[in-house]
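This structure is a prediction, so every number in the text was calculated from the model and none was measured. Indexing begins at 1, ligand by ligand and atom by atom, following the structure's order.
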Amino acid sequence: MKPVKVGICGLGTVGGGTFNVLQRNAEEISRRAGRGIEVAQIATRSPKPQFQTTGIAITNDVFAVATNPEIDIVIELVGGYTVARELVLKAIENGKHVVTANKALIAVYGNEIFAKAREKGVIVAFEAAVAGGIPVIKAIREGLSANRINWVAGIINGTGNFILTEMREKGRTFEDVLAEAQALGYAEADPTFDVEGIDAAHKLTILASIAFGIPLQFDKAYTEGITKLTTADVNYAEALGYRIKHLGVARSTPAGIELRVHPTLIPADRLIANVNGVMNAVMVNGDAAGSTLFYGAGAGMEPTASSVIADLVDVVRAMTSDPENRVPHLAFQPDSLSAHPILPIEACESAYYLRIQAQDHPGVLAQVASILSERGINIESIMQKEVEEQNGQVPMILLTHRVLEQHINDAIQALEALQGVVGPVVRIRVEHLN
Ligand SMILES: NC(=O)C1=CN([C@@H]2O[C@H](COP(=O)(O)OP(=O)(O)OC[C@H]3O[C@@H](n4cnc5c(N)ncnc54)[C@H](O)[C@@H]3O)[C@@H](O)[C@H]2O)C=CC1
Ligand SMILES: N[C@@H](CC=O)C(=O)O
Ligand code: NA
């Protein structure tokens, strides 16, 4: 059989990794795919002499790949929403299957892209878009298809986890570690996406869709990054037996679906609390399987290439099949997607870590306790530290039981109004992931 012809658009970290692994493992890959896979064209803005591209058509125009009649599968690795969206839609229009690593594109324009792909009977595959080298899309979409999924919780940004780990273990500064993550090719073109939680929210949006069978709704995700975390809170959490991780949580409740990304205290003895550096991990809790945990490199050249090529192999195997009988893009049949709403953050429930800077006066603790109890917030534990020399304040650290976010907001407002409380109350969500 003639080899399948693919075009790679973008020869950066992931594009370069994909090209290298495709060359290196060509034989293994074609034994699996059942046909050879030939890179027939590459679109790159600048020449990349480090890659052996003799015999491959090179262009600086990605649309030349999308419209090239020779090409069967377009691999989109340019990133961003603008050119990438046009490119993918153009490729689909021209009857080509698409493989992409672009979570921003899928989270924001996936509904449109998948509708177009169905119309044209082509596949759009996106394993590399979530958790880099971990085959978690496949695991949820296919491996767990018997389950009613209760929740998904994951460390799904490699850059952010790398920064938190290096800061905690080696005392390095945020800026220093971020610069290294950029040099290693982990970070997004705009690293604000990594550190402000936007990238994780893109990925969580995709995970929630395939877990619960809902349309992609990135605009409804609650997003908080790691930039406001302080060393003091990391250390207090540790003293209480917790680790702070940047977590994406999607939970199905009778009222709706929680979709939130934020720093989270996790008991230090949980496997996921010990996922460090650029590694990612996704926990999926299903009613039949119970909790499962998927672990691996969340970013980087070859781990991400591994997922891109796995998709490529899947597409090659499925491209001659009846489009109606393929795995649906969002795991559930498109006419069976559910309208279960995404909950606003105020309607989400979690336990909380609160740090209150109190003046060294008697009676503040009693006032704090009564504000919480009036709002039905139960205290799980309290840690009161010594007076801080520099300001005479006493940090009071509380862990609460699970409660609605709106009750905590209300309590924090009342706490901050107390005379004996200085400055804003720090609030970090706590998940036990049982
Ligand atoms: N770096 C990583 O570890 C991971 C990245 N991703 C995603 O993979 C995609 C690519 O990311 P990276 O490879 O890291 O980015 P990158 O910046 O290293 O590579 C992108 C390449 O595309 C080229 N490019 C951009 N616009 C172009 C255009 N109009 N025409 C031709 N070439 C163009 C750039 O010059 C660059 O070489 C992004 O969507 C990213 O979110 C996904 C998982 C992991
Ligand atoms: N910037 C992302 C790349 C992979 O998706 C990350 O750091 O996780
Ligand atoms: Na993946």
Practice problem: Assess the pair Phe218 and His202: is the distance between their ring centroids shorter than 6.0 Å? | Solution: yes
Quiz item: Looking at the Na ion (ligand 3), is one of the N, O or S atoms of Val136 less than 3.0 Å from it?
Solution: no
Quiz item: What is the minimum heavy-atom distance between Val124 and Ala117, and which atoms define it?
Solution: CG2-CB, 3.7 Å
Quiz item: Out of curiosity, is Gly298 lining ligand 2, as in a heavy atom under 4.0 Å away?
Solution: yes
Practice problem: Would you indicate which of Ile155, Leu184, Thr159 comes nearest to atom 7 (O) of ligand 2 when only heavy atoms are counted? | Solution: Thr159
Quiz item: What atoms in ligand 2 come closer than 4.0 Å to a heavy atom of Asp199?
Solution: 2 (C), 8 (O)
Quiz prompt | Charged N-O contact under 4.0 Å between Glu238 and Arg168 | solution = yes
Self-check item: Distance filter under 4.0 Å to Ala187 heavy atoms, resulting ligand 2 atoms
Solution: 1 (N)
Quiz item: Are Lys138 and Glu142 ion-paired here, with the side-chain N under 4.0 Å from a carboxylate O?
Solution: yes
Practice problem: Assign the ring pair Tyr222 / His262 to parallel, tilted or perpendicular, where the plane angle (0 to 90°) is split at 30° and 60°. | Solution: tilted
Self-check item: Given Ile226, Asn161, Thr159, the one that forms side-chain contact (heavy atoms from CB on, under 4.5 Å) with His246
Solution: Ile226
Quiz prompt | Element-labelled atoms of ligand 2 that are located less than 4.0 Å from some non-hydrogen atom of Lys103 | solution = 2 (C), 3 (C), 4 (C), 5 (O)
Quiz item: Within the stated cut-off of 3.0 Å, is an N/O/S atom of Ile134 closer than that to the Na ion (ligand 3)?
Solution: yes
Quiz item: Under 30°, 30 to 60°, or over 60°: which ring-plane class applies to Tyr109 and Tyr81, parallel, tilted or perpendicular?
Solution: perpendicular
Practice problem: Below 4.0 angstrom from a heavy atom of Asp194, which ligand 2 atoms are there? Numbered from 1 as shown, please. | Solution: 1 (N), 2 (C), 6 (C), 7 (O)
Exercise. Using the side chain to side chain contact (heavy atoms under 4.5 Å, CB included) rule, take Trp151 and Leu433 through it: C-alpha gap first, then chi angles, then the decisive distance, then the call.
Key: CA-CA 9 Å; Trp151 52 263; Leu433 304 174; 4.1 Å; yes
Practice problem: Using distance alone, determine whether Glu188 and ligand 2 share an N or O pair under 3.5 Å. | Solution: yes
Quiz item: Does Lys96 come within less than 4.0 Å of Asp72, counting only side-chain N to carboxylate O?
Solution: no
Quiz item: Taking only heavy atoms of Gly158, which atoms of ligand 2 are found under 4.0 Å from at least one of them?
Solution: 6 (C), 7 (O), 8 (O)
Quiz item: Between Glu349 and Arg251, is there a salt bridge with N-O shorter than 4.0 Å?
Solution: no
Quiz item: So does Arg260 pair up with Glu431, basic N to acidic O under 4.0 Å?
Solution: yes
Self-check item: Any donor-acceptor N/O pair, Arg270 side chain to His432 backbone, under 3.5 Å
Solution: yes
Self-check item: Which of the ligand 2 atoms, numbered from 1, are nearer than 4.0 Å to a heavy atom of Asn157
Solution: 2 (C), 6 (C), 7 (O), 8 (O)
What are the atom names and distances for all N or O pairs under 3.5 Å between ligand 1 and the protein?
residue	atom	partner	partner atom	Å
ligand 1	1 (N)	Gly185	O	2.8
ligand 1	3 (O)	Gly300	N	2.7
ligand 1	13 (O)	Thr13	N	3.2
ligand 1	13 (O)	Val14	N	2.8
ligand 1	18 (O)	Thr13	N	2.9
ligand 1	18 (O)	Thr13	OG1	3.2
ligand 1	26 (N)	Arg45	NH2	3.4
ligand 1	37 (O)	Lys48	NZ	3.4
ligand 1	41 (O)	Lys103	NZ	3.2
ligand 1	41 (O)	Glu188	OE1	2.7
ligand 1	41 (O)	Glu188	OE2	3.4

Quiz item: Against heavy atoms of Lys203, which atoms of ligand 2 measure under 4.0 Å?
Solution: 2 (C), 4 (C), 5 (O), 6 (C), 8 (O)
